[in-house]
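Some notes on the structure that comes next.
The basis for the numbers below is simple: all heavy atoms, side chains too, and nothing from hydrogens, waters or symmetry mates. Proteins come first, then strands; the chains are lettered A, B, ... in the order of their sequence lines, and each starts at number 1.
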Number of protein chains: 2
Amino acid sequence: MEEKNPIQSAQRIFSVYEYVCRSGNAGLSQITEALGLNKSTVHRMLASLIYMDYVKQDKFTGEYTPTFKTVELGQTILGRLDLPGRVRPYLQELSDSTGETVHLVRRDGTDVVYVDKIEPLHSRSDSIRMASQIGRRRPMYCAGVGKALMASMPENEAAEIWDHSRIEAKTEHTIVTREKMKEELAGIRSRGWALDDEENEKGVRCVAAVIPSDAEPEYAFSISAPAAHLDETHLPEVIREVLKRQKEISDAL
Amino acid sequence: MEEKNPIQSAQRIFSVYEYVCRSGNAGLSQITEALGLNKSTVHRMLASLIYMDYVKQDKFTGEYTPTFKTVELGQTILGRLDLPGRVRPYLQELSDSTGETVHLVRRDGTDVVYVDKIEPLHSRSDSIRMASQIGRRRPMYCAGVGKALMASMPENEAAEIWDHSRIEAKTEHTIVTREKMKEELAGIRSRGWALDDEENEKGVRCVAAVIPSDAEPEYAFSISAPAAHLDETHLPEVIREVLKRQKEISDAL
DNA sequence: CTTCATCGTTTCATATTGTGGAATTCTATT
DNA sequence: AATAGAATTCCACAATATGAAACGATGAAG
């Protein structure tokens, strides 16, 4: 991998672009300070982004905000995936029947990327909003969906993913040894579902399963919930729901 | 407005970036030909985009594809909007009860931008897939949602939108005169809903209404369907459903 | 097996552009 | 009216982006 951007001005303009996207709105001085660039440089970068319709400037406040063009490009990329649209009805039903958030992910190297996120139509009164976001990536080793995918591939391939992952203990429950992971994957294979037992985020558990496929599965889905909801009492029922929907999806594809 | 990009290399690298996003995957030579740039320039642009993680290169085919980073940025922008998440359950019910696609838009100058799109969980057998896409913009004057929004603002403001729009007859049904639009908006005001009567796309009709707000409404939603579904027989029922959901949303916000 | 075509990759002299310091303009505050 | 602090503009020149040419890889044709 290169150790610096082959095009310096690209680094600069994309820094400005991302800053505006991530902040939502920002003034010239704020961006200048945050990025450590000269303000006439930043000004020209913004003028360029405005010209290309990625950014717009509020007439009254002078602040810069992202346009929806990035949203449209993102949706163009996402919309090219066929599977999410086809499985969404099943995942919405899963979400509705459990009252919890459902995620669909796609494998991307040693990571998974969230490609859909379904909230129940009627949230339970004690539900919490999941911080997950479509487009975000996460390492496979500490995600229920990631482990489900690893369990559905040849063992050597799963081992390679482990070896290429930067293992760190995200919580005290995160699996950090090769042996433990191997056992875990064996368990997942025999059960047909994976559990993220507060391994990625304290207080959050999830039940996951792969989307069956003729080839090696590339997608997986999960129900995430506060650990208090997914306790020993409720777990079996949720597992049943997950496997039921998995079967329906399998039958329909 | 500037008549050329203030930063030439920005123009180039964003051209390459958009090309890769829109095509889904492309080889160096293809991009070079399409954009009329020197191939070593394009190669360096791609190297830069790879460095910034917007693009990746397939190891086997050598082709370049967009990563999910753009999706993530787009979702960051979209996720900053509060209203879509809150009204989605109502719109999903509207979609399910009618079996048609529902759109939520937000006003953006003289245009509307699609910020959500809901498909019924169980499509009717003769449903068609709407070409609309989140992030896409559309002029207000020829969209049901746009007319609904125009009808809910002061007349002079609606007139200004009309004056600043590039009016063209998208179909033979498109309203292209100021007088006709004025009458149309008066009708919408008295009825409380708008109809896109094949004005934007032949064969497609939609019923639209604004999302009520204390201030001037900024969002509107619509049901779109093939004209054959939304004929005179079915229209009253769909209108009732639209107004019913509008009321529920109003009560809940 | 050799040759050829076409793809992506790399190099480097130099033409061209992006840079940033300083001045200017604008607006809100005192 | 003066001041502060924001955004905007200018332009000499330092620095970079450019592209022609060469190179390496791969698959197809003979």
On the nucleotide [N], are OP1 or OP2 found under 4.0 Å from the side-chain N or O atoms that [X] carries?
X       : N      : result
B:Gln57 : C:dT9  : yes
B:Gln11 : C:dG18 : no
B:His43 : C:dG8  : no
B:Ser40 : D:dA21 : no
B:Arg12 : D:dT18 : yes
A:Ser9  : D:dA17 : yes
B:Ser29 : C:dG8  : yes
A:Thr41 : C:dG20 : yes

Is any side-chain N of the basic residue among [X] and [Y] closer than 4.0 Å to the acidic one's carboxylate O?
X        : Y        : value
B:Lys170 : B:Asp196 : no
A:Glu184 : A:Lys147 : yes
B:Arg106 : B:Glu218 : yes
A:Glu157 : A:Arg107 : yes

(Q) Before we go on, tell me: are the rings of A:Tyr90 and A:Phe221 under 6.0 Å apart, centre to centre? (A)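 When the ring centroids of A:Tyr90 and A:Phe221 are compared, they turn out to be at least 6.0 Å apart.
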Q) Is the centre of the B:Phe14 ring less than 6.0 Å from the centre of the A:Phe14 ring? A)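 That pair passes the under 6.0 Å test.
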Q) What does the inter-axis angle of the helix from C:dC1-D:dG30 to C:dT30-D:dA1 come out as, five pairs per end, nearest 10 degrees? A)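 About 40° separates the two local helix axes.
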**Q.** Nearest-nucleotide comparison on DNA chain D, the residue closer to the 5′ end among B:Asn38 and A:Gln30
**A.**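 So the residue in question is A:Gln30.
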Round to the nearest Å and state the distance from [X] atom [atom1] to [N] atom [atom2].
X       : N      : atom1 : atom2 : answer
A:Leu37 : C:dT19 : CG    : C1'   : 10 Å
A:Asp58 : D:dA6  : CG    : P     : 17 Å
B:Asn25 : C:dC7  : CG    : P     : 15 Å
A:Ile31 : D:dG5  : CD1   : C1'   : 16 Å
A:Lys56 : D:dA7  : NZ    : C1'   : 19 Å
A:Leu28 : C:dC26 : CG    : C1'   : 14 Å
B:Asn5  : C:dG18 : CG    : C1'   : 12 Å
B:Lys4  : C:dT17 : NZ    : P     : 7 Å

Q: Taking atom CD of B:Glu216 as the centre, report whether more than 12 heavy atoms of other residues, nucleotides or ligands fall under 6.0 Å from it.
A: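 Counting neighbours around CD of B:Glu216, more than 12 heavy atoms of other residues, nucleotides or ligands fall under 6.0 Å, so yes.
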Looking only at side-chain N and O atoms, does [Y] offer a donor or acceptor that is under 3.5 Å from a partner on [X]?
X        : Y        : answer
B:Glu18  : A:Tyr54  : yes
B:His164 : B:Thr110 : no
A:Tyr19  : A:Gln30  : yes

For [X], which contact category applies under a 4.0 Å heavy-atom criterion: base, sugar-phosphate, or nothing?
X       : answer
B:Glu63 : nothing
B:Ile7  : sugar-phosphate
B:Tyr64 : sugar-phosphate

Just the atom pairs and distances: protein N or O near nucleotides 12-15 of chain D's N or O, under 3.5 Å.
none

Q: Let me know, please, whether B:Arg44 or B:Glu33 comes out on the 5' side of the other along DNA chain C by nearest nucleotide.
A: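 It is B:Glu33, whose closest nucleotide lies nearer the 5' terminus.
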Q | Residue list, side-chain contact (heavy atoms from CB on, under 4.5 Å) with A:Lys39, at least two apart or on another chain | A |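 Counting only residues at least two positions away or on another chain, A:Lys39 forms a side-chain contact (heavy atoms from CB on, under 4.5 Å) with A:Thr32.
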Q. Below 3.5 Å, does any donor atom in the side chain of B:Lys39 face an acceptor in the base of C:dG8, or the other way round?
A.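 Donor-acceptor pair under 3.5 Å: yes.
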